[in-house]
Amino acid sequence: TYKLEQAIKPGGVLSDLYFSFEDFFNNEVTPNASLYNETKLKLTLFDPSNPSVNLDSNISVKVILYRNGSFLLRDIFINLDPNVKVFINLTAEAISWPINYSFEVAITLRECLPGEEWIPALKICQVCEGKLFSFDNVSCKSCPNGAVCPGGDRLQTLSHFWRRNKSSDNIIECTKTKEKCIGGDLYGNHLCAEGHIGAACSSCDIDAVYWSKSYSKISTGEECVECSIIGFNLAWIAAIVCLNMVSITLCVRTTLTMI
């Protein structure tokens with residue numbers, strides 16, 4: 001008996017299984033003519049925790065090919081609940097060199113993932129289609145306003161809208177900072193224009209936490225400007241004011257001298 005393990009989602013299809021019989025030198029062995037015509041591959045599905053339950057009706061194989069001593073099993077579908085580990089036992093009835101051969105495939109049926117929903121009637125994990133989404137593995141939801149849902153667990157926020165984190169489907173409209181909410185696949189500060197952070201991108205990154213540079217607002221405007229630029233402008237204004245003061249002082253002294 002030989003063993004192989006695979007993990008699939010409920011309603012998923014196993015990878016193709018190819019079997020051939022080889023000797024001790026890894027050369028493929030072909031049954032003689034009589035065995036060639038009689039050999040059949042038998043699939044039996046069983047659960048070791050419930051050996052008395054017949055599960056053969058829960059497995060289907062669309063194609064079984066036998067040629068030149070080889071078998072190809074394609075589109076193997078298992079119809080069972082999640083979190084179940086079962087085994088497929090394959091035996092070749094007429095092949096016994098020197099003992100009866102069998103091959104055991106252990107199948108683990110995983111839980112549905114975020115972006116999928118469990119359909120009990122069909123016993124499958126179905127991926128949420130376009131215009132639907134899911135951040136859990138329970139049910140698919142309609143795409144909220146302010147977002148586009150390509151399917152699965154993807155939610156793309158539109159420009160002028162914002163959401164807090166990866167698992168949030170609460171889409172907030174940026175009423176005062178529309179142009180600062182640029183949208184995208186991500187969330188939080190990733191959805192903000194440069195220099196902007198926080199809820200609805202309404203704050204400036206004064207501490208350089210996200211943008212690696214400090215930004216601040218000028219007066220009551222909504223634009224976040226790099227602090228180094230603000231500092232340069234203030235220094236330039238201060239220099240102009242000083243020059244004006246010097247000019248005024250010189251003019252006053254000149255006037256007093258003339259008097």
Side-chain angles (χ1 to χ4, degrees), residues 1-22 31 35-96 99-143 149-155 166-167 169:
T1 299
Y2 302 90
K3 292 186 177 181
L4 175 71
E5 292 201 13
Q6 289 195 33
I8 61 170
K9 70 176 183 179
V13 177
L14 271 70
S15 304
D16 289 356
L17 298 178
Y18 175 83
F19 297 90
S20 64
F21 298 94
E22 299 177 346
L35 288 176
Y36 188 96
N37 294 326
E38 295 173 5
T39 299
K40 296 179 182 179
L41 195 65
K42 183 180 179 182
L43 279 72
T44 304
L45 187 67
F46 67 97
D47 180 356
S49 62
N50 272 314
S52 60
V53 178
N54 189 331
L55 299 176
D56 290 352
S57 61
N58 296 90
I59 184 171
S60 64
V61 182
K62 288 187 178 179
V63 179
I64 298 180
L65 299 178
Y66 172 62
R67 60 176 179 270
N68 298 330
S70 302
F71 294 96
L72 176 63
L73 282 69
R74 182 170 293 160
D75 298 334
I76 303 174
F77 177 83
I78 297 177
N79 186 25
L80 288 171
D81 292 339
N83 292 322
V84 172
K85 185 172 184 177
V86 292
F87 293 85
I88 302 175
N89 191 38
L90 301 102
T91 56
E93 295 177 352
I95 299 177
S96 55
I99 59 174
N100 290 326
Y101 282 81
S102 67
F103 196 99
E104 209 170 77
V105 183
I107 309 297
T108 302
L109 298 171
R110 64 162 174 80
E111 289 186 341
C112 298
L113 301 178
E116 300 174 344
E117 68 173 339
W118 172 241
I119 310 296
L122 302 177
K123 294 186 181 296
I124 63 172
C125 291
Q126 182 169 287
V127 177
C128 299
E129 298 178 350
K131 298 184 179 180
L132 298 174
F133 79 101
S134 172
F135 289 150
D136 53 35
N137 58 358
V138 179
S139 62
C140 298
K141 302 177 183 178
S142 297
C143 198
C149 299
D153 63 346
R154 294 183 60 196
L155 189 152
K166 184 178 181 179
S167 60
D169 58 1

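Throughout, residue positions are numbered sequentially from 1 according to the sequence presented.
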**Message:** Tell me if a side-chain donor or acceptor on Ser134 pairs with a main-chain N or O of Ser139 at a distance below 3.5 Å.
**Reply:** yes
**Prompt:** Is Asp136 reaching over with its side chain to a backbone N or O of Val138, donor-acceptor style, under 3.5 angstrom?
**Reply:**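 Yes, the answer is positive, given that a donor and an acceptor are paired below the 3.5 Å cut-off.
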Between [atom1] of [X] and [atom2] of [Y], what distance do you get to the nearest 0.5 Å?
{"X": "Ile8", "Y": "Leu80", "atom1": "CD1", "atom2": "CG", "answer": "9.0 Å"}
{"X": "Leu17", "Y": "Arg74", "atom1": "CG", "atom2": "CZ", "answer": "11.0 Å"}
{"X": "Ile124", "Y": "Glu116", "atom1": "CD1", "atom2": "CD", "answer": "10.0 Å"}
{"X": "Asn58", "Y": "Asp47", "atom1": "CG", "atom2": "CG", "answer": "10.5 Å"}
{"X": "Ile119", "Y": "Cys140", "atom1": "CD1", "atom2": "SG", "answer": "7.0 Å"}
{"X": "Arg110", "Y": "Cys125", "atom1": "CZ", "atom2": "SG", "answer": "5.5 Å"}

Would you say [X] and [Y] make side-chain contact, with heavy atoms under 4.5 Å?
{"X": "Phe133", "Y": "Lys141", "result": "yes"}
{"X": "Lys131", "Y": "Ser142", "result": "no"}
{"X": "Leu109", "Y": "Ile107", "result": "yes"}
{"X": "Leu73", "Y": "Asp16", "result": "no"}
{"X": "Pro10", "Y": "Lys123", "result": "no"}
{"X": "Pro51", "Y": "Phe46", "result": "no"}
{"X": "Pro114", "Y": "Phe135", "result": "no"}
{"X": "Ile88", "Y": "Leu14", "result": "yes"}

**Ile76/Gln6 under side-chain contact (heavy atoms from CB on, under 4.5 Å): CA gap, chis, key distance, verdict** = CA-CA 12 Å; Ile76 303 174; Gln6 289 195 33; over 6 Å; no
**Prompt:** How far apart are the C-alpha atoms of Asn83 and Glu111, what are their side-chain angles, what is the distance that settles it, and do they pass the side-chain contact (heavy atoms from CB on, under 4.5 Å) test?
**Reply:** CA-CA 6 Å; Asn83 292 322; Glu111 289 186 341; 2.9 Å; yes
**Message:** Quick check on side chain to side chain contact (heavy atoms under 4.5 Å, CB included): which of Ile78, Asn89, Val53 does Leu45 satisfy it with?
**Reply:**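 Running side chain to side chain contact (heavy atoms under 4.5 Å, CB included) over Ile78, Asn89, Val53 with Leu45 returns exactly one hit, Ile78.
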**Asked** For the side chain to side chain contact (heavy atoms under 4.5 Å, CB included) test, which of Val86, Val84, Thr44 pairs with Leu55?
**Response**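 One option only clears the test, and that one is Val86.
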**Asked** Is it true that Cys149 and Cys143 have SG atoms closer together than 2.5 Å?
**Response**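 Yes, disulfide present: SG-SG under 2.5 Å.
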**Message:** Distance alone, cut at 3.5 Å: any donor-acceptor contact between the side chains of Glu117 and Asn137?
**Reply:**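 Looking only at side-chain atoms, Asn137 and Glu117 do not form any donor-acceptor pair under 3.5 Å.
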**side-chain contact (heavy atoms from CB on, under 4.5 Å) evaluation trace for Gln126 with Trp118** = CA-CA 6 Å; Gln126 182 169 287; Trp118 172 241; over 6 Å; no
**Request:** Identify the heavy atoms of Phe87 and Pro48 that sit nearest to each other, and give their distance.
**Result:**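 Scanning both residues completely, I find the closest heavy atoms to be CE1-CG, 3.1 Å.
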